[in-house]
Amino acid sequence: AARPLGLGPGGLVTRVATPEATVGRDGFVAEHGLWTDEQAAAAREVAARVKADKIELVRLAYPDQHGILRGKAVVADAIEQALRNGCGLTTTLLAKDTSHKTVYPVFSAGGGFGIPEMQGAGDFLMVPDPTMFRVLPWAPDTGWMLCDAYFQTGARQPFATRHILRDALDRLAAHGWNYVTGIEIEFHLYKLEDPGLIPRNSTQPAAPPQVSLLSHGFNYLTEQRFDQVEPILQIIRRQVLELGLPLRTVESEFGPSQVEFTFHPGTGLESADMMVLFRSAVKQIARRHGCHATFMCKPGLPNAFASGWHLHQSLVDAKTGANLFIPESAEALLSPLGRQFVAGLLKNARDASLFTTPTLNGYKRYKPNSLAPDRAIWGRDNKGAMIRAVGGPGDRGTRIENRIGDPAANPYLYLASQIVSGLDGIENGLEPPAPTEAPYESDVARLPTSLMEALAEATGSETFRSAFGDGFIDYITHLKSMEIERFLSEVTDWEHREYFELY
């Protein structure tokens with residue numbers, strides 16, 4: 001179970017004595033043993049909180065294969081039933097690409113997946129994780145819970161990426177280690193000029209909204225630029241804190257209308273769970289206040305600057321909490337275990353790109369001398385390298401920062417790919433090459449330059465097929481191949497400029 005991320009009136013449930021409550025003690029969830037004792041106790045608290053605070057609606061949110069939240073809203077009278085027995089959600093949602101088009105033949109044998117439980121567009125069950133309960137500060141009298149996915153047999157839904165991250169964390173736990181991560185996430189925040197809500201714009205996907213800037217860019221970290229975006233940032237910041245998310249800093253970034261939020265470190269599932277809620281919350285809050293937030297890496301707007309997702313990570317001893325990456329000498333950068341973890345990240349960087357950078361757009365970011373990586377390399381406190389080593393002897397904050405990530409990445413797959421890659425380095429005793437001081441001049445392997453290249457690498461990856469399973473790799477690569485097929489079938493502005501007059 002995910003540990004609570006914080007407390008507060010809009011955050012986690014308060015302790016309410018409900019000895020008569022049976023939530024968590026019977027029904028589908030109890031029958032199949034899907035909750036820990038902590039979750040069962042939290043479920044009873046949620047049921048009591050909904051009644052005591054007169055919450056009218058609870059959103060049950062399932063993080064799908066793309067890291068997008070889908071789900072249903074349950075009225076207060078039905079919440080105890082949902083806690084006991086879950087809530088049905090159609091399996092066709094698991095067959096959708098990023099345009100929300102169904103790309104599997106769901107009415108064929110096995111639903112197109114070869115899985116009997118998914119035939120005929122039947123339902124799977126969203127099972128709430130009651131330790132994740134929140135009250136949404138921007139939606140009056142509305143609660144929220146993150147959910148896990150199961151079949152009606154009680155078996156785990158094999159394409160549920162939160163389960164995949166759990167599996168990776170279990171591998172670390174078998175060694176006696178916990179995974180600690182901290183997030184720096186960049187995104188764009190625009191004034192919404194025209195949402196485009198006329199019928200002809202309701203294509204699939206819909207026409208993008210028309211926006212204008214909240215600030216000009218290229219005055220990095222100036223107070224003037226920050227103050228220009230502060231009115232909407234203040235609203236977002238306050239409501240993110242009210243959700244109980246561990247916000248650390250809010251910054252005006254380099255590009256026009258570009259901002260960055262950073263968060264305190266979390267353990268296990270915490271950062272991934274936080275990230276799916278944060279992205280969804282920011283988009284909802286911004287829209288309610290006449291703005292548009294996007295975690296698209298590089299918007300197709302004049303002068304837009306690419307955004308990244310930097311993931312800080314370390315391993316700690318599960319019993320003592322000791323940081324296992326701290327080196328004995330400054331020359332080493334990291335402990336032997338930390339260096340092996342880095343070696344695994346570098347070795348598997350190309351294979352992992354599908355999970356760290358899952359969009360066609362994200363590969364536009366990998367440019368030389370751009371503070372974004374373009375090859376699998378590491379260095380001491382070097383922001384041009386893919387892996388940046390931070391800290392040193394005696395520094396409890398010693399860690400690595402992977403600067404490869406696309407802000408649109410599915411957080412569960414991003415984190416799981418890091419664990420799987422790092423463990424490959426540890427379990428095979430790999431040693432990384434010497435750290436670099438000139439990351440854009442090295443002759444080491446380049447990162448993929450397109451989603452097509454990344455897809456080919458992931459498809460043939462023995463490391464990820466072994467960790468995630470052939471079924472999941474075949475599933476996710478098919479979804480992404482359909483996305484690529486749609487892209488290649490479109491006539492782009494580039495083609496029109498290049499050929500329309502010339503030929």
Side-chain angles (χ1 to χ4, degrees), residues 1-16 38-39 42-43 45-46 49-50 52-63 67-74 76 79 126 128-148 162 181-187 189 229-251 259-289 291 293-295 309 407 411-412 415:
R3 287 199 295 113
L5 297 175
L7 300 173
L12 299 178
V13 295
T14 56
R15 295 281 172 182
V16 181
E38 178 192 10
Q39 288 174 302
E45 294 162 6
V46 168
R49 172 77 179 273
V50 168
D53 290 359
K54 298 182 179 179
I55 292 170
E56 297 177 3
L57 205 65
V58 178
R59 297 184 189 176
L60 302 182
Y62 166 69
I68 302 298
L69 292 179
R70 302 180 187 266
K72 294 183 178 180
V74 178
I79 192 59
M126 293 188 294
D129 181 345
T131 66
M132 293 298 299
F133 182 79
R134 300 288 189 277
V135 173
L136 300 182
W138 63 88
D141 304 312
T142 301
W144 180 92
M145 272 187 289
L146 197 62
C147 297
D148 288 306
R162 198 170 186 239
T181 49
I183 285 175
E184 297 178 6
I185 185 72
E186 298 166 350
F187 60 98
L189 196 55
V229 294
E230 170 62 9
I232 182 61
L233 287 180
Q234 182 184 77
I235 294 169
I236 293 172
R237 169 176 53 82
R238 288 175 175 173
Q239 297 194 358
V240 163
L241 287 171
E242 195 172 349
L243 280 174
L245 302 187
L247 184 62
R248 180 174 172 268
T249 66
V250 179
E251 304 169 14
V259 297
E260 179 181 68
F261 279 46
T262 73
F263 295 86
H264 290 289
T267 302
L269 288 171
E270 287 178 349
S271 289
D273 287 342
M274 182 276 296
M275 187 63 169
V276 291
L277 176 55
F278 173 72
R279 287 193 307 207
S280 186
V282 167
K283 292 183 73 68
Q284 292 176 57
I285 296 165
R287 185 62 177 255
R288 286 181 179 235
H289 290 85
C291 293
T294 181
F295 292 83
W309 171 2
Y412 302 102
L415 270 64

K.L.:
Which of parallel (below 30°), tilted (30 to 60°) and perpendicular (above 60°) describes Phe263 and Phe278?
P.N.:
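Perpendicular: the ring planes of Phe263 and Phe278 meet at over 60°.
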K.L.:
Nearest 0.5 angstrom please: Leu233 CG to Glu251 CD, how far?
P.N.:
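So the gap between those two atoms works out to 11.0 Å.
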K.L.:
Taking Glu230 first and then Arg237, would you say they form a salt bridge - that is, a charged N and a carboxylate O separated by under 4.0 Å?
P.N.:
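Counted as a salt bridge, because a side-chain N and a carboxylate O are separated by less than 4.0 Å.
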K.L.:
Closest heavy-atom contact between Val276 and Gly67?
P.N.:
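Shortest heavy-atom separation between Val276 and Gly67 comes out as CG1-O, 3.9 Å.
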K.L.:
What are the two closest non-hydrogen atoms of Glu242 and Pro137, and how far apart are they?
P.N.:
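So the minimum-distance heavy-atom pair works out to OE1-CB, 3.4 Å.
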K.L.:
What heavy-atom pair brings Trp144 and Ala61 nearest, and what distance separates the two atoms?
P.N.:
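Residues Trp144 and Ala61, closest heavy atoms: NE1-CB, 3.4 Å.
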K.L.:
Is a donor on one side and an acceptor on the other found under 3.5 Å between the side chain of Glu270 and the backbone of Thr267?
P.N.:
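It does hold such a pair.
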K.L.:
Between Thr181 (side chain) and Ser271 (backbone), is there a donor-acceptor pair under 3.5 Å?
P.N.:
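Side chain of Thr181 to backbone of Ser271, a donor-acceptor pair under 3.5 Å: no, none is there.
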K.L.:
Minimum heavy-atom separation for Cys147 to Tyr62, with atom names?
P.N.:
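Of all heavy-atom pairs spanning Cys147 and Tyr62, the closest is O-CD1, 4.0 Å.
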K.L.:
If I take atom CG from residue Leu57 and atom CG from residue Leu136, how far apart are they, to the nearest 0.5 angstrom?
P.N.:
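Going from the CG atom of Leu57 to the CG atom of Leu136 covers 9.5 Å.
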K.L.:
For residues Met274 and Pro246, determine if any side-chain heavy atom of one lies less than 4.5 Å from a side-chain heavy atom of the other.
P.N.:
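Side-chain contact under 4.5 Å: yes.
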K.L.:
Rounded at 0.5 Å granularity, tell me how far CG in Asp148 sits from CE in Met126.
P.N.:
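Asp148 atom CG to Met126 atom CE measures 11.5 Å (nearest 0.5 Å).
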K.L.:
Can you tell me how far CD1 of Ile285 sits from CG of Leu243, rounded to the nearest 0.5 angstrom?
P.N.:
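If we round to the nearest 0.5 Å, Leu243:CG and Ile285:CD1 are 6.5 Å apart.
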K.L.:
Please report the shortest heavy-atom distance between Val46 and Pro130, naming the atom on each side.
P.N.:
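Shortest heavy-atom separation between Val46 and Pro130 comes out as CG2-O, 3.8 Å.
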K.L.:
With Phe295 as reference, evaluate Trp309, Phe261, Phe187 under the ring-ring contact (aromatic ring centres under 6.0 Å, His included) test and give the passing residue.
P.N.:
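Single ring-ring contact (aromatic ring centres under 6.0 Å, His included) partner of Phe295 among Trp309, Phe261, Phe187: Phe187.
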K.L.:
Which residue, Arg279, Glu260, Met275, forms the side chain to side chain contact (heavy atoms under 4.5 Å, CB included) with Ile185?
P.N.:
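Among Arg279, Glu260, Met275, the one that satisfies the side chain to side chain contact (heavy atoms under 4.5 Å, CB included) with Ile185 is Met275.
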K.L.:
Are there over 12 heavy-atom neighbours, none belonging to Arg288, within less than 6.0 Å of that residue's CZ?
P.N.:
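Yes - once you tally the heavy atoms of other residues, nucleotides and ligands closer than 6.0 Å, there are more than 12.
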K.L.:
Once side-chain contact (heavy atoms from CB on, under 4.5 Å) is applied, do any residues pair with Ser280, and if so which ones, sequence neighbours excluded?
P.N.:
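Scan of Ser280 (side-chain contact (heavy atoms from CB on, under 4.5 Å), adjacent residues dropped) gives Leu69, Gln284.
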K.L.:
Going by the side chain to side chain contact (heavy atoms under 4.5 Å, CB included) test, name the single residue among Leu146, Leu277, Val58 that passes it with Arg134.
P.N.:
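So, applying the side chain to side chain contact (heavy atoms under 4.5 Å, CB included) to Arg134 and each of Leu146, Leu277, Val58, only Leu277 qualifies.
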K.L.:
Using side-chain heavy atoms (C-beta onward) and a distance below 4.5 Å, is Asp129 in contact with Arg162?
P.N.:
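Counting from C-beta outward, Asp129 and Arg162 do come under 4.5 Å.
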K.L.:
Quick one: closest heavy-atom pair of Thr262 and Leu247, and the distance?
P.N.:
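So the minimum-distance heavy-atom pair works out to O-CD1, 3.5 Å.
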K.L.:
Mind running side chain to side chain contact (heavy atoms under 4.5 Å, CB included) on Met145 and Ile79 for me, showing each step along the way?
P.N.:
CA-CA 11 Å; Met145 272 187 289; Ile79 192 59; 3.8 Å; yes
K.L.:
Less than 4.5 Å apart, any side-chain heavy atom of Val229 and any of Leu189?
P.N.:
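A side-chain contact is absent here, since even the closest heavy-atom pair is not under 4.5 Å.
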K.L.:
Roughly how far apart are Trp138 CH2 and Ile236 CD1, rounded to 0.5 Å?
P.N.:
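With rounding to 0.5 Å, CH2 (Trp138) is 10.5 Å from CD1 (Ile236).
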